[in-house]
Amino acid sequence: MKEPSINPAFKILKILREINEEQIAVEERLNRITQVIAEQMKADGCSCFVSIDDNYLELFAAYGFNPNATHRVSFRVGEGLIGNIAKNCRPMAVSDAPSHPKYVYNKEFGEDGYKSFLGVPLIRRNRSVGVLLIENKEEREYNRSEQETLETLAMFVADIVTSDDMQEFKTNLIKQRGLITREKIKGISLSKGYGLGHAVLHRRRHAVSKIIAEDKDKELDRLTEAHKKMNEDLDAKFNSTKLGIGEHMDILDAYLMFAKDKGWFKKIADNVISGLTAEAAIERAYEDMWNRLSATKDNYLKERLHDLRDVADRLHSYLSEDSSGQNIATESNDIVVIAKTMGPAELMDYDVHKIRGLLIEDGTPTMHVAIVAKALNIPVVAKIKGLFEEVKSGDVIAVDGTEGYVYLNPTAEIKQKIHKRIEEKIKLQEKLSELKKLPSQTKDGVKIGLSINIGLSFDLDYLETTNCDGVGLYRTEIPFMASEVMPDVERQISYYKELMDKAGNKKVIFRSLDVGSDKLLPYWAGLNEDNPAIGWRSIRITLDRRAILRKQIKAFLTAAANKELNVMFPMISDLAEFEEAKETVLLELEKEKKCKRPIPSKVNIGLMVEVPSIVYELDDVLEKADFISVGTNDLAQFIYACDRGNPRLTERYDVLSAPFLRIMSEIVTKANKHKVYCSVCGEMASNPIEAMTLIGLGYRNLSSSGASYGKVKSMIRSINVKEVSDYVQTLLKSTQRTLRPQLIAYAYDHGIEIY
Ligand code: PEP
Ligand code: MG
């Protein structure tokens, strides 16, 4: 029987591996490798071009050509045969290269006398990182097996080209040439932690500006053409790239399946036939799918929804002839998302389990995407101007969210440091998760109610993984924001009921819809106000559009049937507003009673203290309210007249300052006098040093993010309330701009755990 023939590449690979293990400089290794490839493949020359950035390739190693040509020959991506291989990520075999129309002669290269040419791209995550080629002086056709051999070798060479050694070599080269690169960039930390991954540039979905098509046939042609081109490009990329086998292939296959799905395309085409523009038709088809799949608990289907969003965006980009905006979210397991700015729902367009970091050019600690990222334990660094333009998708990025540093294409040493920190963080998490089971009690035996804030569905898991006292704030607008259409009463009931069921006997505080300002609903047109933070938002909208509020309250009442219901209203500015909102609850309750529908066993109605005017009416409000919760994010923004979304102001004012702490003190003192339950649900309650100060001021109920629960609990279990209170009192008279350094020093001196 004939032995199966052994792939000739394997024999060559064995030699290349041996060379690669030698202790010689990476460039020298690459030179030796080109020589071996030429000899083994019976070529007269072999060379390796490496991408310097997205725009050009440079000769890094060569055998059989001008020995002085390395680093002196370069091609733009798309220029000549070599530039075209890189651009299209496709191999190219030509028997008479100089007569090829795309051939570009470069004297320095020393190619004179060469005829035939076989070049293959070096590929990493769908992008070309260089080109490997062999050439012969005689005119000849390269056969299929030779091409496959070179492609297999290219996979090995691509590893070397993207290795840490080579990255370092490239960085030094760029530096020597005096080109400016930023390797370590300082931003501000919005969520602590460490991560390492490949850059994904977050491009905002363009709003569909034109809905109705002028000419249906033309529109259909446009769609068909874009769809065809997109699939051709995808095929070319995936087929010309040997990616091996494994989970990533399943993902890519599933992705391709979506891109080619005839049913999906037909749906879009039908929408066009019905009169929509191609762009609007894609969105409509996506919405349909979203409506069907978004509520599912099946992670596989959810994953597919991310893919579909990506495919839809990709198709959009082909319609606008901008096919560059493709993200690699589904192609890498470790991604660092880079955005100019971002809404919280947009983060959910990615597979959040793969996000190792989020970098935002703008950004402030209380912006909602930062809160969401924190809940997901994703490190966030913000306020890094120019980053979006500087980074290429696929670049390796290390994120130090604790100190607020970002490393572009980090050295092996930095990578190692980040890996070590990630491991330490895992250990700390383990320690904190043990702590979660212990009582929330201070060293001197004072019980501190510690609840969690909930917005997204994964926050619900914290109800099981912590022994929290309940849900101190359910941000009902988050599911509204994540949905592509306004959820009806039934849908709302299902959200709220799921939460009530998961919470069991624990207290749950529902907050009525708090939209407007930075929390925009995708299905509501922007209001274009001059001052949205102090504009028509939150309770102001829901009181004016009473049907929305009534529907939501009905959903609360139904979901909490036979249980205790706690409802609070955001952005209440005066007593009259609270009474109006309260009246709406009582009316809805009456209706339910009249219709003999099951109602809650008890209804408590409260409000958020987050608009300064209400602090001056608090004695009267506390007569009417069953509870209050302080929204320190908005309260600080209004006290200091400082937009919580403006990155220029982030470090100007501190909640740990005497004016703000005196106001916080007044609120809790008044609530205690009226014996009204009072808690803090703003970010202060999630930050251990700030939460420590709140306890010092007299707060006994805090509601933190689920991700911060362990850290806050750890602080609580290490303080002595009496001592902290005495110390905080002394600070209230201070005229210093920030009391943070003193409070941190106090915590260190007293062994208080503030991770
Ligand atoms: C706050 O303002 O502190 C608060 C908890 O509400 P949000 O952050 O949702 O505006
Ligand atoms: Mg608020």
Side-chain angles (χ1 to χ4, degrees), residues 371 374-375 432-456 458-476 496 498-511 556 559-560 563-568 600-609 625-632 667-668 671-672 675-688 690-719 721 724 753:
I371 295 174
K374 220 170 173 178
L432 293 179
S433 77
E434 281 305 305
L435 247 163
K436 285 175 189 168
K437 296 167 202 147
L438 302 172
S440 173
Q441 197 164 324
T442 65
K443 265 167 61 181
D444 50 345
V446 179
K447 165 99 185 71
I448 307 291
L450 188 54
S451 301
I452 55 167
N453 295 344
I454 285 187
L456 294 154
F458 57 76
D459 283 333
L460 292 173
D461 296 344
Y462 289 113
L463 275 170
E464 281 157 24
T465 56
T466 67
N467 62 343
C468 64
D469 291 297
V471 177
L473 165 65
Y474 176 42
R475 288 186 165 98
T476 59
Y496 308 151
E498 185 185 0
L499 171 58
M500 288 303 280
D501 289 346
K502 284 238 162 90
N505 292 327
K506 291 178 178 176
K507 182 187 183 87
V508 174
I509 301 181
F510 287 97
R511 175 173 78 181
F556 290 154
K563 293 185 170 181
E564 183 180 290
L565 171 65
N566 299 286
V567 186
M568 71 176 171
S601 52
K602 187 162 190 281
V603 178
N604 298 316
I605 305 171
L607 67 144
M608 291 197 65
V609 175
D626 295 315
F627 65 94
I628 59 170
S629 184
V630 189
T632 49
I667 297 169
V668 71
N672 288 345
K675 297 194 172 49
V676 170
Y677 176 93
C678 168
S679 80
V680 176
C681 62
E683 280 300 290
M684 273 187 94
S686 296
N687 181 320
E690 293 169 13
M692 175 194 89
T693 312
L694 292 174
I695 294 172
L697 289 174
Y699 285 88
R700 295 294 174 262
N701 294 291
L702 304 174
S703 190
S704 75
S705 68
S708 307
Y709 180 90
K711 287 187 260 181
V712 178
K713 167 82 74 76
S714 171
M715 177 278 294
I716 290 172
R717 291 185 56 83
S718 60
I719 57 166
V721 172
V724 171
E753 293 180 353

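Values below: all heavy atoms of this structure, side chains included; hydrogens, waters and symmetry mates excluded. For reference, positions follow the sequence shown, starting with 1.
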For Asp469, what residues pass the side chain to side chain contact (heavy atoms under 4.5 Å, CB included) criterion, not counting sequence neighbours?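 Expected list: Lys447, Leu450, Ser451.
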Pairwise distance [atom1]([X]) to [atom2]([Y]) - rounded to 0.5 angstrom:
X: Asp444; Y: Ile719; atom1: CG; atom2: CD1; answer: 7.5 Å
X: Asn687; Y: Leu702; atom1: CG; atom2: CG; answer: 11.5 Å
X: Ile509; Y: Ser703; atom1: CD1; atom2: OG; answer: 7.0 Å
X: Met692; Y: Glu690; atom1: CE; atom2: CD; answer: 10.5 Å
X: Ser708; Y: Tyr462; atom1: OG; atom2: OH; answer: 8.0 Å
X: Ser705; Y: Ile454; atom1: OG; atom2: CD1; answer: 11.0 Å

Applying side chain to side chain contact (heavy atoms under 4.5 Å, CB included), run through Arg717 and Lys443 and close with a yes or a no. CA-CA 6 Å; Arg717 291 185 56 83; Lys443 265 167 61 181; over 6 Å; no
Measuring only between side-chain heavy atoms, which start at C-beta, is [X] closer than 4.5 Å to [Y]?
X: Val446; Y: Ile695; answer: no
X: Val603; Y: Ile605; answer: yes
X: Val630; Y: Tyr699; answer: yes

Please name all residues satisfying side chain to side chain donor-acceptor pair (under 3.5 Å) with [X], sequence neighbours left out, ordered by chain then number.
X: Asp501; value: Lys497
X: Ser714; value: Glu753
X: Thr632; value: none

Between [X] and [Y], what is the shortest heavy-atom contact and its length?
X: Cys468; Y: Ile452; result: SG-CG1, 3.9 Å
X: Met568; Y: Gly472; result: CE-O, 3.9 Å
X: Arg511; Y: Thr476; result: O-OG1, 2.7 Å
X: Ser704; Y: Ala685; result: CB-O, 3.5 Å
X: Gly470; Y: Lys506; result: CA-CB, 3.8 Å

Distance-only, no hydrogens or angles: does the [X] side chain make a donor-acceptor pair with backbone N or O of [Y] under 3.5 Å?
X: Asn604; Y: Glu564; answer: no
X: Thr466; Y: Leu463; answer: no
X: Asn566; Y: Val508; answer: yes
X: Ser440; Y: Ile448; answer: yes
X: Asp626; Y: Gly606; answer: no
X: Ser629; Y: Val680; answer: no
X: Lys563; Y: Met500; answer: yes

Going through the distances and angles, do Leu499 and Val471 end up as a side chain to side chain contact (heavy atoms under 4.5 Å, CB included)? CA-CA 9 Å; Leu499 171 58; Val471 177; 4.0 Å; yes
Between Gln441 and Ile716, does a side chain to side chain contact (heavy atoms under 4.5 Å, CB included) hold up when you go through it step by step? CA-CA 6 Å; Gln441 197 164 324; Ile716 290 172; 5.7 Å; no
Is the Phe627 ring parallel, tilted or perpendicular to the Tyr677 ring (thresholds 30°, 60°)? perpendicular
Please name all residues satisfying ring-ring contact (aromatic ring centres under 6.0 Å, His included) with Tyr709, sequence neighbours left out, ordered by chain then number.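 In terms of ring-ring contact (aromatic ring centres under 6.0 Å, His included), with neighbours along the sequence ignored, Tyr709 is linked to no residue.
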Take Lys602 and Leu565 through the test side chain to side chain contact (heavy atoms under 4.5 Å, CB included) and record every step on the way to the result. CA-CA 6 Å; Lys602 187 162 190 281; Leu565 171 65; over 6 Å; no
Per the salt bridge (Lys or Arg N to Asp or Glu O under 4.0 Å) rule, what does the pair list look like for residues 692-713, sequence neighbours excluded?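 Applying salt bridge (Lys or Arg N to Asp or Glu O under 4.0 Å) to every pair that reaches into residues 692-713, excluding sequence neighbours, yields nothing.
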